Amino acid sequence: MNEQKAKRIYSAVRRDDAKTFADLVRDKDELSLCYGRFPLLSLCYLYRAKKIIGLYEDKLDAVSASEYVFAAEPLEAYQKLKAAAGKALRLYVLDGRLVTPLETLALTGDFLYLKRVYPNLKKDRAIKDSLDKIFKIRYRRPITQVDGRLEIGGIDLSKKQKICVTACLIAAVFMAALSGGGLAGLYGAFGFGTEDAPFKIYDGRQLAAVIKGGGEQSNYKLSADIELDKGWEAADFLGGLDGGGHTISLNNLDGTFIADLKGRLSNVAFSVAGGRALSVDGGIDITQEDDSVMRVDGAAFIAAANNGVIDNVTLTVSGDLTENVESLGGAFYIGLFVFSNNGEILNSTLDADVSFAGDGQGDASIAGFAAVNYATIKNCRTTEGSSIKTHNADVAGIAVQNYQDGVIDSCRNDAEIFQASDISEWSPNVAGIVLNNTGGVTSSVNNGDLSAKAENLGTDRVVYIGGIAAVQDIVVNSSNVLVGFGAMKDVINNGNLSVDAKSIGTDTVVCAGGITAIQRGAVEFSKNYADIEVAMSGGVAYVGGIAAHGNMNYASVNTTIKNSGFVGNISVNTADADASVSFIGGIAGYFYGAISDCYSAGSISSNNSSADIGGIVGLAYCYLNPSNLLSYILYYNNNYYLAGCGAVLGVAKGRNGSNYFTITAENDTGTYACQTLEELKQSGVYW
């Protein structure tokens, strides 16, 4: 089994990307994959890859252990197992001890599905013994395995747990009295506040009492759909709220549902319809690169701040959004789910058809899940058919800012994203996943088409548009010490990029990159399948299949693109060709850093005959060699492109300091032209 292919299958499982999985898994060897201790079906259960399971469960279970084709065990899979297994992890420390599918379901606590598939999945005496041990060690529950069925017993409460339950009951009675309802109407016989027996909530008044009371660190579950209207008062929430699959309709609310989520919100759908005025629900101070502090105000629908867990939550929102601030003036960010994320947002979905207009006087931005992310957004997606459209406000599918400790993993944007601007001092930013990334973005995909239409661009204004990120940057403090830098790995862009820019000033710039517009940091194992189309009246264009403009910019940061590829078309057309400058490359428009093991199978065209077009890079920053001859040391190695792509050489032009040089075939280092696509595929870097 090809190691690279095994990694791609694993990535498809993590994203529950059934289409990619189907394209990759075509024969018995691939169905028989076993990643260390994890057979492929176990891995699907571990990551709850429901789409793949629905299509391949029977085929994967039919593979016997003697047929397994082994691949390297992903570290993240082990860490996920460790977190789920608790003390039961000791059952799997011996070499060769597999985590079978039934055991995986038991370890992850998916009891309902375990009982459902138990009669059908393969099991022997060893697996049955392991299930007994898991339930005794991990859950202290007895199980019965008889007649092809599995029965899971109850859990005995310790003395400490019984005291806790009693205290929760007393608190429930007190809260019910305060809210004007009786014990029978709210708690009492309808729950104990434990995770297994949460308090039941039936109407908006009861829900309001729970949120206003902070949740009392107890557990609650909706027993009906609920509508909330004006008069709602958001508060900090420390408990656990399980929606039970029900919907909370946020009607006519200016603010957010929860002020600061410190507990858990799960299995619930939120619905927001019609035009909505968003008031400032919270604000944070953001330390800039020079240690100055910028105050950012913002708004959200579900939580102003998330310091807990949001899991399996759906937000459906439509209409025109406005802000309740007299003037944006400073920074104003909208995260449709949360404003500031310091916890986890997991397995959640956004269905959006919204528009938002800024006044062009400050920094206005909007994104689907978080305005600012300091922690984890994982397995989240916007739905196909969604759209987020803005006027003089920057826009991205998942997050506005992903900071140095932030992780965006296995997320997907299917929404169409569009920004129009008509203010001369505005620089539009558009991205499929994140506007500004100084953290990590992994295994994420953009499928949505991205557009930026800029009228009246003034002097020194810039359009940034990237399939995954608009800007990937570094973070240094006032002492010039590096404290973080952006990295993207296993990301894919399928959404076409379109820019229509009209200038009224001088030195206007368009940066359009299939993965990122501006890059400082690392891009690895990433691919852009989409087209990039730029139309502009004049100025400078940097356009690349992966990155528009890559700049090392800091001595200890290696700005790199590795093992990445471009398969699409790039078109750059300028109304005034003589007054325009274009640097276009299959991988990067301009690059100061290292590019290795990359390929471009795309085509490039421009109506500007003086455009610098390279199969790999349009403009490369070079160092003169020690002899100071007209040859250059390029940080490029083992890169391939199609000879008929529209470029003469792999690197079109070189730059040393302020001096620009035409690259010649003799020093076109590390790039190789292939005459056909088949030849390129045989290069060893194509995937």
Side-chain angles (χ1 to χ4, degrees), residues 37-39 41-48 50 53 57 61 77-94 97-169 189-200 217-221 223 239-245 263-264 266-267 309 311-312 346-347:
R37 283 166 286 193
F38 300 96
L41 182 56
S42 295
L43 209 63
C44 291
Y45 286 150
L46 186 68
Y47 286 102
R48 299 180 184 271
K50 296 179 182 179
I53 291 168
E57 188 172 41
D61 184 55
Y78 167 73
Q79 292 171 335
K80 196 172 182 67
L81 173 71
K82 181 179 179 182
K87 293 182 179 179
L89 184 66
R90 67 190 188 213
L91 299 175
Y92 304 96
V93 296
L94 297 178
R97 180 70 172 86
L98 298 178
V99 188
T100 65
L102 286 173
E103 292 168 70
T104 303
L105 291 172
L107 290 167
T108 56
D110 201 346
F111 300 154
L112 291 178
Y113 197 74
L114 172 62
K115 291 179 67 175
R116 175 181 165 186
V117 300
Y118 179 86
N120 304 319
L121 294 189
K122 288 200 305 292
K123 51 194 169 293
D124 54 21
R125 173 47 37 194
I127 292 175
K128 291 180 178 180
D129 289 344
S130 292
L131 291 175
D132 275 325
K133 292 176 183 177
I134 289 169
F135 277 91
K136 287 177 183 177
I137 296 171
R138 182 71 180 89
Y139 306 109
R140 291 184 294 149
R141 293 190 183 197
I143 61 171
T144 302
Q145 303 178 71
V146 63
D147 297 330
R149 293 185 299 114
L150 174 68
E151 297 297 333
I152 302 173
I155 193 166
D156 293 328
L157 296 179
S158 66
K159 181 178 180 181
K160 182 177 180 181
Q161 289 170 322
K162 291 176 181 177
I163 292 172
C164 179
V165 170
T166 302
C168 289
L169 280 172
F190 300 107
F192 295 97
T194 63
E195 187 173 348
D196 287 344
F199 295 128
K200 304 297 177 62
Q217 295 181 302
S218 296
N219 294 281
Y220 307 85
K221 189 171 184 177
S223 294
L241 178 60
D242 185 338
R264 186 180 187 90
S266 60
N267 308 318
V309 177
D311 187 8
N312 192 28
L346 310 171
N347 311 309

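Every value quoted in this text rests on a predicted model; they were computed, and no experiment measured them.
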Between the side chain of Ser42 and the main-chain N/O of Val99, is any donor-acceptor distance below 3.5 Å? yes
Whether Arg138 side chain and Ala84 backbone form a donor-acceptor pair below 3.5 Å: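 Judged by distance alone, yes, a pair lies under 3.5 Å.
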Should we say atom NZ of Lys221 is surrounded by more than 12 heavy atoms from elsewhere, each under 6.0 Å from it? no
Within a reach of under 6.0 Å around NZ of Lys133, are more than 12 heavy atoms found that belong to other residues, nucleotides or ligands?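 It does not: Lys133 NZ has 12 such atoms or fewer within range.
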Kindly assign one of parallel, tilted or perpendicular to the pair Phe111 and Tyr139, based on the angle between their ring planes and the thresholds 30° and 60°. perpendicular
Nearest 0.5 angstrom please: [X] [atom1] to [Y] [atom2], how far?
| X | Y | atom1 | atom2 | result |
| --- | --- | --- | --- | --- |
| Asp242 | Tyr220 | CG | OH | 13.5 Å |
| Leu105 | Ile134 | CG | CD1 | 10.0 Å |
| Leu114 | Leu107 | CG | CG | 10.0 Å |
| Asp311 | Asn347 | CG | CG | 5.0 Å |

Which heavy-atom pair separates [X] from [Y] by the least distance, and what is that distance?
| X | Y | value |
| --- | --- | --- |
| Leu102 | Lys123 | CD1-CB, 3.8 Å |
| Leu43 | Ala77 | CD1-CB, 4.0 Å |
| Leu346 | Val309 | CD1-CG1, 4.2 Å |

Cationic N near anionic O, under 4.0 Å, Glu103 to Arg97: yes
Assess whether a salt bridge exists between Asp129 and Arg125, defined as any Lys/Arg side-chain N lying under 4.0 Å from an Asp/Glu carboxylate O.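 The answer is yes: the pair qualifies as a salt bridge.
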Carefully, step by step, assess Glu57 and Val117 under the rule side chain to side chain contact (heavy atoms under 4.5 Å, CB included). CA-CA 10 Å; Glu57 188 172 41; Val117 300; 3.8 Å; yes
What do the steps show when you test Leu91 against Ile137 for side chain to side chain contact (heavy atoms under 4.5 Å, CB included), and what is the final call? CA-CA 10 Å; Leu91 299 175; Ile137 296 171; 4.2 Å; yes
Could you please spell out the steps behind the side chain to side chain contact (heavy atoms under 4.5 Å, CB included) verdict for Asp110 and Tyr45? CA-CA 9 Å; Asp110 201 346; Tyr45 286 150; over 6 Å; no
Would you call Arg48 and Tyr113 a side-chain contact if the rule is heavy atoms closer than 4.5 Å? no
Going by distance alone, is a donor N or O of one side chain under 3.5 Å from an acceptor N or O of the other, for Tyr118 and Glu151?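 Result is no, nothing qualifies.
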Show the numbers, then the answer: is there a side chain to side chain contact (heavy atoms under 4.5 Å, CB included) between Tyr78 and Leu89? CA-CA 10 Å; Tyr78 167 73; Leu89 184 66; 3.8 Å; yes
